[in-house]
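Take a look at the structure set out below.
Nothing here was measured: the structure is a model prediction, and the numbers come from that model.
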Amino acid sequence: MDIIAGLQNKDNNEAYQLLLLLEQRSAESDELYGCLTDFIGLLKGKSAFVQVRGFRLACAQARWDTEGRLAQNLDALFSMLYAAKPTAVRQCLTALQNVLRWRPELAGKIEAGLDEIDLGRYKDTMRPLIEKDIQALRGRGHT
């Protein structure tokens, strides 16, 4: 099966199930680390769903990223933090927890990226949730 095509499946339920499976496999082994560039490439997808899947899977490779490829692509990843869809931003902020867990040396760069998020663009119902996600990341970076 072509993983990247599966992640772009128009059937969002099938693509989401594949995402969950790939995240689980990524937690267990480095077998998908070779796809990191492809996952980052999904950030250019037309669908926010596809973009978030790429972001989450890129972050899921943090444990295996001994080559510093995530650090080299942080700007591309951060572009998702400035996305219009607050639910997408929240998923990305959650995925960054994995990066901080395995690559604490990136904490400063991640915090700088968080500083660039314009919270004023979100509705009052979502802003506090995003703020909470940001604070959770900031607290994680100092442990």
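The shortest distance between side-chain heavy atoms of Arg56 and Leu20 falls below 4.5 Å. Looking at Asp115 and Arg138, their side chains come closer than 4.5 Å, going by heavy atoms from C-beta outward. A heavy-atom distance below 4.5 Å is not found between the side chains of Leu42 and Gln51. Contact check for Ile3 versus Phe39: side-chain heavy atoms found under the 4.5 Å cut-off. A heavy-atom distance below 4.5 Å is not found between the side chains of Asp38 and Leu7. Looking only at side-chain heavy atoms (C-beta outward), Arg90 and Met126 come within less than 4.5 Å of each other. Between Ile117 and Tyr122, some side-chain heavy-atom pair lies under the 4.5 Å cut-off. A 4.5 Å side-chain heavy-atom check between Leu96 and Phe55 finds at least one atom pair inside the cut-off.
Minimum heavy-atom separation, Trp64 to Arg103: C-NH2, 4.3 Å. Smallest separation of non-hydrogen atoms from Leu81 and Cys92: CD2-CB, 3.9 Å. In this structure, Ala27 and Arg63 approach most closely via the heavy-atom pair O-NH1, 3.0 Å. Closest heavy-atom contact between Ala88 and Val52: CB-CG2, 3.5 Å.
For residues 7-20, no residue pair satisfies the salt bridge (charged side-chain N to carboxylate O under 4.0 Å, His left out) rule, not counting sequence neighbours.
Using modelled atom types, no side-chain atom of Gln61 and backbone atom of Leu36 make a donor-acceptor pair closer than 3.5 Å.
Counted within 6.0 Å of OH on Tyr33, heavy atoms from surrounding residues, nucleotides or ligands total more than 12; the atom is thus considered enclosed.
Shown here are the side-chain contact (heavy atoms from CB on, under 4.5 Å) partners of Asp118, two or more places apart in sequence or in another chain: Arg121.
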Let me have the donor-acceptor pairs involving side chains of residues 67-80, under 3.5 Å, with sequence neighbours excluded, atom names and distances please.
unit_1: Arg69; atom_1: NH2; unit_2: Thr37; atom_2: OG1; d: 2.8
unit_1: Asn73; atom_1: ND2; unit_2: Arg69; atom_2: O; d: 2.7
unit_1: Ser79; atom_1: OG; unit_2: Ala76; atom_2: O; d: 2.5

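Between the side chains of Asn12 and Arg53, at least one donor-acceptor pair of N or O atoms lies under 3.5 Å.
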